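Scroll down for the structure; my scribbles are underneath it.
Owing to the predicted nature of the structure, the values given are computational and were not obtained by experimental measurement. These values consider heavy atoms only, across backbone and side chains, with no hydrogens, waters or symmetry-generated copies.
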Amino acid sequence: MSGRMIKPLFDRVLVRRFNPETKSKGGILIPDKAQGKVLEAEVVATGPGSRSHQSDTVIPCSVKPGDNVLLPEYGGTKIEIKNEEYFIFRDGDILGKFE
């Protein structure tokens, strides 16, 4: 998927994870194997939302582009766009939003 951007469908959310810390507060370099999985990300794009089961209305996503969110440790679909890694999650899978 080179050179194209994706618009998520339904209640999907496209996020870009933050880069892991490579130095400790004391200035010591952290090796790749010792770095924890980054659970924070920035929302890049969202779908229009999911359809309500009772009526034909659309329930909008709870996050918007630019929000910083907390992700689950596992899950999401990894994709690569313009040599950058992105992940697609369902709106309900996102654990929280930083304010």
Side-chain angles (χ1 to χ4, degrees):
M1 294 197 150
S2 61
R4 294 186 275 171
M5 197 48 158
I6 288 187
K7 172 71 174 160
L9 300 176
F10 306 111
D11 65 339
R12 303 296 199 285
V13 178
L14 181 69
V15 299
R16 178 178 38 234
R17 288 190 179 192
F18 294 133
N19 293 327
E21 292 291 326
T22 57
K23 278 189 179 180
S24 69
K25 291 182 182 179
I28 298 172
L29 292 175
I30 302 172
D32 289 339
K33 288 187 177 185
Q35 293 174 2
K37 194 167 191 176
V38 178
L39 302 179
E40 295 178 32
E42 178 187 3
V43 176
V44 177
T46 63
S50 59
R51 295 227 179 252
S52 172
H53 294 293
Q54 287 92 16
S55 64
D56 201 25
T57 59
V58 174
I59 302 168
C61 289
S62 58
V63 295
K64 60 185 184 310
D67 285 347
N68 292 334
V69 295
L70 179 65
L71 301 173
E73 191 169 352
Y74 300 102
T77 301
K78 181 172 133 178
I79 58 173
E80 191 170 310
I81 304 169
K82 299 178 186 176
N83 296 325
E84 282 194 62
E85 276 187 3
Y86 294 88
F87 291 84
I88 296 179
F89 286 89
R90 286 186 178 270
D91 184 42
D93 291 341
I94 293 174
L95 302 176
K97 179 168 61 169
F98 294 101
E99 293 188 1

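Atom CG of L71 is separated from atom CZ of F18 by 9.5 Å, given to the nearest 0.5 angstrom. Note that the CD atom of E85 and the CD1 atom of I79 stand 10.5 Å from one another [nearest 0.5 Å]. The distance from atom CD1 of I59 to atom CG of D11, rounded to the nearest 0.5 Å, is 9.5 Å. The structure places CG of L9 at 8.5 Å from CD1 of I88, a figure rounded to the nearest 0.5 Å. Here the NZ-CG distance, from K97 to L70, works out to 13.0 Å after rounding to the nearest 0.5 Å.
Between Y86 and R16, the closest heavy-atom pair is OH-NH1, 3.1 Å. The two atoms that bring R17 and P72 nearest to each other are NH2-O, 4.2 Å, heavy atoms only. Taking all atoms of both residues into account, the shortest heavy-atom contact from V43 to V13 is CG1-CG1, 3.8 Å. When all heavy atoms of C61 and G47 are compared, the closest pair comes out as SG-O, 3.6 Å. Closest heavy-atom contact between P8 and P48: O-CD, 4.0 Å. Looking at every heavy atom in both residues, L14 comes nearest to I6 through CD2-O, 4.0 Å.
Hydrophobic cluster membership is shared by L95 and L39, with clusters built from Ile, Leu, Val, Met, Phe, Trp and Tyr side chains linked at under 4.5 angstrom. Residues I94 and F87 share a hydrophobic cluster, clusters being chains of Ile/Leu/Val/Met/Phe/Trp/Tyr side chains in contact below 4.5 Å. Criterion: ILVMFWY side-chain heavy atoms under 4.5 Å apart, direct or through other members. Under it, V44 and V63 are not part of a common hydrophobic cluster. Placement of F89 and V69 within a single hydrophobic cluster is found when ILVMFWY residues are connected by side-chain heavy-atom separations under 4.5 Å, directly or transitively.
In the displayed structure, K7 atom NZ is contacted under 6.0 Å by more than 12 heavy atoms of other residues, nucleotides or ligands.
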Working for side chain to side chain contact (heavy atoms under 4.5 Å, CB included), residues R12 and R90: CA-CA 4 Å; R12 303 296 199 285; R90 286 186 178 270; 3.2 Å; yes
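Applying side chain to side chain donor-acceptor pair (under 3.5 Å) to S62 and the options T46, D91, D67 leaves one that passes, D91.
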